Every structure is written in C-alpha cells, then in structure tokens.
S.K.: 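Structure in structure tokens, see below.
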Amino acid sequence: MRKFGLSTPDRHATRPDSLFSVANTVALLGWGLLLVAPRWRATRRLVLSGALPLLLAVAYALLISSHYLGPHSSEGGFNSLAEVAALFQDPWGLLAGWVHYLCFDMSIGIWESLDARRRGVPHLLLVPCLLLTFLFGPVGLLLYSLLRHFYSPADSASLSTATL
C-alpha cells in the first residue's frame, strides 16, 4: 500500500533477515550437536550424514539463482574484488554469501569429526578445532590439520564402525 509516496512493507513477504535467522538456527543446531553430542543418533542423522549442510546448500542454490535471475543479476561478479563487493551490496546476495559460509564450514566440521573418530582423536582435543572452524573457518581447519598428524588412522577393520 502506498500513501504519500511511501511504501508499506508487505507483512507476508520473506525478508533476508528472516532467512538469515533460520539459516543461523540450522547451523547452530548442527554445530551444537557436533560439539556436545557427537555420538547421538540425531547427530548422525542430521549432521554427520550431511543432511544439514545439504539443506543449506539447497537454500544457497535458491538464493544465488534468484540473484542471477532477478533484478540485480547484472550487479557484481567474480573477476575483481570490486565486483565481489558489489554482489554483497544487495541483502539477498549478502545472505547467499553467508549461507555459503555456513554450509562449507559445517561440511569441514563434519569431515574433522569423522576423521577424528577414525583416527582416535579424543573429542576434547577436537572441540577447539571445531569451535575455530565454526567461528573462523580456515583457522580451525589449519589447527585440525596439524592435530590429525599426531594420530594414525584406525585399521580398515575398525573403520566401518568408527565412521558413524
């Protein structure tokens, strides 16, 4: 509805802020399960199976497709830092970038968790790596990459029971 040249927001329209909250909730659920309950059945089904990152991947695919099919499709690109910055000027593009981070960071956290289990890394040593991966992505991956070299992979007979 327009009055005096001002538009009234549609209460039913999906807003980037709302989807940001949903995506963060999904990610926090996954990270919480990885950190606090790594061996629970729900953790295996929702997180270690890859279900939550795949849900985030679907959200990302929808967000990025709507960008390239929408009114902002000519804005931004990947050929320069200025073009990448232009992608993030649109709240929907910024949301897509954030969901991309959430998806990939959680995927790395899952790999760290499964690899640590296979190698016999104590969970308490894994927790700082997971926290850093959640907060600072590559820093957590770097720390885990250093930690994992102190633990040999389990033999192939115990591998099938150790992965999930």
Side-chain angles (χ1 to χ4, degrees), residues 9 13-119 121-149 151 163-164:
T14 304
R15 298 174 37 119
D17 291 339
S18 302
L19 292 178
F20 176 84
S21 295
V22 170
N24 277 347
T25 301
V26 167
L28 286 172
L29 170 67
W31 283 103
L33 288 171
L34 277 179
L35 288 163
V36 177
R39 296 194 181 271
W40 279 7
R41 181 179 298 161
T43 306
R44 288 193 307 268
R45 288 186 177 169
L46 291 174
V47 186
L48 296 175
S49 70
L52 288 184
L54 287 174
L55 179 64
L56 292 169
V58 167
Y60 173 76
L62 292 171
L63 288 165
I64 203 70
S65 335
S66 68
H67 172 80
Y68 283 111
L69 297 174
H72 298 284
S73 62
S74 63
E75 297 173 11
F78 301 102
N79 293 322
S80 70
L81 186 58
E83 287 183 10
V84 172
L87 287 172
F88 294 119
Q89 294 303 310
D90 172 45
W92 291 101
L94 184 58
L95 177 62
W98 182 247
V99 171
H100 181 282
Y101 283 121
L102 293 175
C103 178
F104 270 63
D105 286 354
M106 187 181 298
S107 297
I108 295 299
I110 290 168
W111 172 77
E112 290 171 357
S113 295
L114 293 174
D115 187 67
R117 189 174 299 173
R118 186 172 63 91
R119 291 175 175 273
V121 176
H123 188 69
L124 286 178
L125 292 179
L126 177 63
V127 166
C129 301
L130 290 174
L131 287 171
L132 286 171
T133 301
F134 173 58
L135 296 171
F136 304 110
V139 175
L141 175 61
L142 179 61
L143 181 61
Y144 180 71
S145 294
L146 295 172
L147 174 66
R148 75 189 293 264
H149 288 290
Y151 294 87
T163 44
L164 294 178

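No hydrogens, no waters, no symmetry mates; every other heavy atom, side chains included, goes into these values. Model, not experiment: these values are computed from the prediction.
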S.K.: Going by the rule ring pair (Phe, Tyr, Trp, His ring centres under 6.0 Å), which residues pair with F136 if we only count those two or more places apart in sequence or in a different chain?
M.R.: none
S.K.: If the condition is ring pair (Phe, Tyr, Trp, His ring centres under 6.0 Å), which residues does W40 pass it with, not counting sequence neighbours?
M.R.: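 Result, ring pair (Phe, Tyr, Trp, His ring centres under 6.0 Å) vs W40: none returned.
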S.K.: Over all heavy atoms of both residues, which pair between L147 and L125 is shortest? Give the atoms and the distance, please.
M.R.: CD2-O, 3.6 Å
S.K.: Would you say that more than 12 heavy atoms from the other residues, nucleotides or ligands in this model lie under 6.0 Å from the CG of L81, or not?
M.R.: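 Counting other residues, nucleotides and ligands, CG of L81 stays at 12 neighbours or fewer.
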S.K.: How long is the span from the CG atom in L34 to the CZ atom in F134, to the nearest 0.5 Å?
M.R.: 11.0 Å
S.K.: List the residues meeting side-chain contact (heavy atoms from CB on, under 4.5 Å) with P16, not counting sequence neighbours, and say none if there are none.
M.R.: P91, W92, L95
S.K.: Just to verify, what does E83 make a side-chain contact (heavy atoms from CB on, under 4.5 Å) with, not counting sequence neighbours?
M.R.: N79, S80
S.K.: Provide the closest heavy-atom pair for P38 versus R117 in the form atom of the first, atom of the second, distance.
M.R.: O-NH2, 2.8 Å
S.K.: Sequence neighbours left out, what passes side-chain hydrogen bond (donor to acceptor under 3.5 Å, both in side chains) with D17? Give chain and number order.
M.R.: R15
S.K.: Report all side-chain donor-acceptor pairs from residues 53-66 shorter than 3.5 Å, counting only partners two or more places apart or in another chain.
M.R.:
residue	atom	partner	partner atom	Å
S65	OG	A61	O	2.3
S66	OG	L62	O	3.3
S66	OG	L63	O	2.8

S.K.: Which residue pairs pass the salt bridge (Lys or Arg N to Asp or Glu O under 4.0 Å) test when at least one of the two sits in residues 129-149, sequence neighbours left out?
M.R.: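 Output for this query lists D115-R148.
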S.K.: So L143 and V139, side chain to side chain contact (heavy atoms under 4.5 Å, CB included) or not? Walk me through it.
M.R.: CA-CA 6 Å; L143 181 61; V139 175; 5.8 Å; no
S.K.: Can you tell me how far apart CG (L35) and CG (L131) are? Round to the nearest 0.5 Å.
M.R.: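 So the gap between those two atoms works out to 5.0 Å.
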S.K.: Could you go step by step and tell me if L130 and Y144 meet the side chain to side chain contact (heavy atoms under 4.5 Å, CB included) rule?
M.R.: CA-CA 8 Å; L130 290 174; Y144 180 71; over 6 Å; no
S.K.: Can you sort out the partners of F88 under side-chain contact (heavy atoms from CB on, under 4.5 Å), two or more places apart, ordered by chain and number?
M.R.: V84, L94
S.K.: Can you list everything that forms a side-chain contact (heavy atoms from CB on, under 4.5 Å) with V36? Sequence neighbours excluded, please.
M.R.: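 Applying side-chain contact (heavy atoms from CB on, under 4.5 Å) to V36 gives none.
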S.K.: Apply the side chain to side chain contact (heavy atoms under 4.5 Å, CB included) test between V26 and each candidate in L102, L52, L46; give the one that qualifies.
M.R.: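 Result for side chain to side chain contact (heavy atoms under 4.5 Å, CB included) with V26: L52.
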S.K.: More than 12 heavy atoms of other residues, nucleotides or ligands under 6.0 Å from OH of Y151: is that the case?
M.R.: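 It does: Y151 OH has more than 12 such atoms within range.
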S.K.: Scan for side chain to side chain donor-acceptor pair (under 3.5 Å) pairs involving residues 20-35, sequence neighbours excluded, and state none if there are none.
M.R.: N24-W98
S.K.: List the atom pairs, with distances to 0.1 Å, where a side-chain N or O of residues 105-113 and a protein N or O form a donor-acceptor pair under 3.5 Å, not counting sequence neighbours.
M.R.:
residue	atom	partner	partner atom	Å
S107	OG	C103	O	2.9
E112	OE1	T133	OG1	3.1
E112	OE2	T133	OG1	2.9
S113	OG	G109	O	3.0

